[in-house]
Enquirer: 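My structure is below; once you've seen it, I'll send some questions.
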Amino acid sequence: YQHTMMVAQLAENAAIAIGANAALAKVGAYFHDVGKLAAPQNFVENQAGVVGNIHESLSPIESAERVKSHVEQGIALARAHDLPERIIDFIPMHHGTLPISFFYQRALMEAVGEDIVNESEFRYPGPLPNSKETAIVMLADASEAISRSLAQSKSEDMSADAIEEAIEQLIRTRFEQGQFDQSDIT
């Protein structure tokens, strides 16, 4: 809940700043992770107070599949409740075709000298964001996660400059990965 509210606020503010549809970005953000309702324990933001992380006992590929599944489950839930397609677009597009890096890296470490790790198994299926608003929610979602992660890590450098640099790097990386190639964001 807190994650969703923060993403919605960030998305609304960003949309206002660049002249995008702020209401659309905010509502899209409200529904971007609705699929997590099917299995909330699979997501770190829902594990507070829980002993151990569920993913410690799963293979990296199984963890990635569980994390990816919130997209399909979210689309199904949204369609079952007749949400407009413009809102449903936010569910897969907030991840685009990004890799699920944590589990991919874990798979690579576990496979040293053994199996070949298929990167596509650790990638969201897309599609890419196709509007300013879906691109904004992609960035707001990741920015909130980075900020929360830095705060929880009790990092030495939790300055506003450090957070800003981490978010600027995130934005550069998304552009380099081609995640905004189908949106009209610059």
Side-chain angles (χ1 to χ4, degrees), residues 1-33 36 42-48 53 55-56 60 63-64 67-68 70-71 89-109 117 119-120 122-186:
Y1 174 79
Q2 290 300 321
H3 166 73
T4 298
M5 294 296 103
M6 289 300 302
V7 172
Q9 187 64 59
L10 290 168
E12 180 182 39
N13 291 344
I16 290 168
I18 68 167
N21 185 331
L24 178 61
K26 186 175 188 175
V27 173
Y30 284 150
F31 290 98
H32 81 283
D33 274 341
K36 290 183 178 182
N42 288 336
F43 304 93
V44 68
E45 64 268 25
N46 298 320
Q47 294 178 0
N53 181 331
H55 295 287
E56 291 172 4
S63 289
V67 169
K68 276 194 290 189
H70 85 280
V71 171
D89 283 348
F90 286 86
I91 298 169
M93 291 181 191
H94 83 279
H95 287 302
T97 59
L98 292 169
I100 304 171
S101 300
F102 180 82
F103 297 119
Y104 177 63
Q105 293 302 320
R106 197 171 112 200
L108 288 174
M109 288 189 315
V117 178
E119 183 191 18
S120 67
F122 295 89
R123 201 171 268 288
Y124 286 99
L128 297 174
N130 66 3
S131 67
K132 286 180 182 177
E133 294 81 9
T134 54
I136 287 168
V137 170
M138 174 187 269
L139 292 172
D141 180 56
S143 297
E144 190 282 333
I146 284 174
S147 300
R148 184 175 12 91
S149 177
L150 287 173
Q152 289 174 346
S153 72
K154 297 175 180 40
S155 172
E156 295 281 324
D157 189 6
M158 267 297 296
S159 66
D161 288 342
I163 293 170
E164 186 174 330
E165 176 54 36
I167 292 171
E168 285 180 12
Q169 179 60 43
L170 161 85
I171 293 167
R172 281 192 298 274
T173 300
R174 295 293 189 272
F175 271 103
E176 290 166 4
Q177 293 170 329
Q179 294 299 308
F180 303 127
D181 289 355
Q182 295 177 13
S183 68
D184 54 349
I185 200 164
T186 61

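Computed from a prediction, not measured in an experiment: that's the story for all the values here.
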Enquirer: To check you understand the geometry: which heavy-atom pair defines the closest contact between Ser183 and Ala135, and what is its length?
Expert: OG-CB, 3.9 Å
Enquirer: Determine whether Val71 and His95 make a side-chain contact, defined as any pair of heavy atoms from C-beta on separated by less than 4.5 Å.
Expert: yes
Enquirer: Any idea which heavy atoms bring Ile136 and Ala14 closest together, and the distance?
Expert: CG2-CB, 3.8 Å
Enquirer: Are Phe175 and Phe180 an aromatic pair by the rule of ring centers under 6.0 Å?
Expert: yes
Enquirer: Using a strict threshold of under 4.0 Å (side-chain N to carboxylate O), is an ion pair present between Glu119 and Arg123?
Expert: yes
Enquirer: Using a 4.5 Å cut-off on heavy atoms from C-beta on, say whether the side chain of Ser101 contacts that of Phe122.
Expert: no
Enquirer: Distance alone, cut at 3.5 Å: any donor-acceptor contact between the side chains of Asp33 and His94?
Expert: yes
Enquirer: Locate the shortest heavy-atom distance separating Ala107 from Val117; write the atom from each residue and the value.
Expert: O-CG2, 3.7 Å
Enquirer: Any non-hydrogen side-chain atom of Pro99 less than 4.5 Å from a side-chain atom of Gln177?
Expert: yes
Enquirer: Using side-chain contact (heavy atoms from CB on, under 4.5 Å), reason through Asn130 and Met93 one step at a time and then give a plain yes or no.
Expert: CA-CA 8 Å; Asn130 66 3; Met93 291 181 191; 3.2 Å; yes
Enquirer: Is there a side-chain contact between Ser143 and Leu170, using heavy atoms and a 4.5 Å cut-off?
Expert: yes
Enquirer: Between Pro92 and Gly126, what is the shortest heavy-atom contact and its length?
Expert: CB-O, 3.5 Å
Enquirer: Let's go through Ile100 and Tyr104 carefully: what are the C-alpha distance in whole Å and the side-chain angles of both, what is the deciding distance for side-chain contact (heavy atoms from CB on, under 4.5 Å) to 0.1 Å, and is it a yes or a no?
Expert: CA-CA 6 Å; Ile100 304 171; Tyr104 177 63; 6.0 Å; no
Enquirer: Are more than 12 heavy atoms, taken from residues, nucleotides or ligands other than Tyr124, located less than 6.0 Å from that residue's OH atom?
Expert: yes
Enquirer: Show the nearest heavy-atom pair for residues Leu139 and Arg174, with the distance to one decimal.
Expert: CD2-CG, 4.0 Å
Enquirer: Do the two ring centres, one from His32 and one from His70, sit under 6.0 Å apart?
Expert: no
Enquirer: Give a yes or no on whether the backbone of Thr97 and the side-chain of Gln179 come within a donor-acceptor separation of less than 3.5 Å.
Expert: yes
Enquirer: So which heavy atom on Ser63 is nearest to which on Arg106, and how close?
Expert: OG-NH1, 4.3 Å
Enquirer: Is there side-chain contact between Leu128 and Thr134, with heavy atoms separated by less than 4.5 Å?
Expert: no
Enquirer: CG of Asp161 to CD of Glu168: how many Å apart, nearest 0.5 Å?
Expert: 9.5 Å
Enquirer: Which of these passes side-chain contact (heavy atoms from CB on, under 4.5 Å) with Asn21: Lys132, Glu12, Glu133, Lys26?
Expert: Glu133
Enquirer: One pair to check against side-chain contact (heavy atoms from CB on, under 4.5 Å): Phe90 and Leu24. What are the steps and the verdict?
Expert: CA-CA 10 Å; Phe90 286 86; Leu24 178 61; 3.9 Å; yes
Enquirer: First locate atom CZ of Arg172, then atom CD1 of Ile167, and finally report the distance between them rounded to the nearest 0.5 Å.
Expert: 12.0 Å
Enquirer: Any non-hydrogen side-chain atom of Tyr30 less than 4.5 Å from a side-chain atom of Met5?
Expert: yes
Enquirer: For a side-chain contact (heavy atoms from CB on, under 4.5 Å) check, start with the C-alpha distance between Asp141 and Leu10, then their side-chain angles and the critical distance, and finish with the verdict.
Expert: CA-CA 9 Å; Asp141 180 56; Leu10 290 168; over 6 Å; no
Enquirer: Do Thr173 and Gln169 have side-chain atoms, one donor and one acceptor, less than 3.5 Å apart?
Expert: yes
Enquirer: Could you measure the distance from the CE atom of Met6 to the NE2 atom of His3? Nearest 0.5 Å is fine.
Expert: 10.5 Å
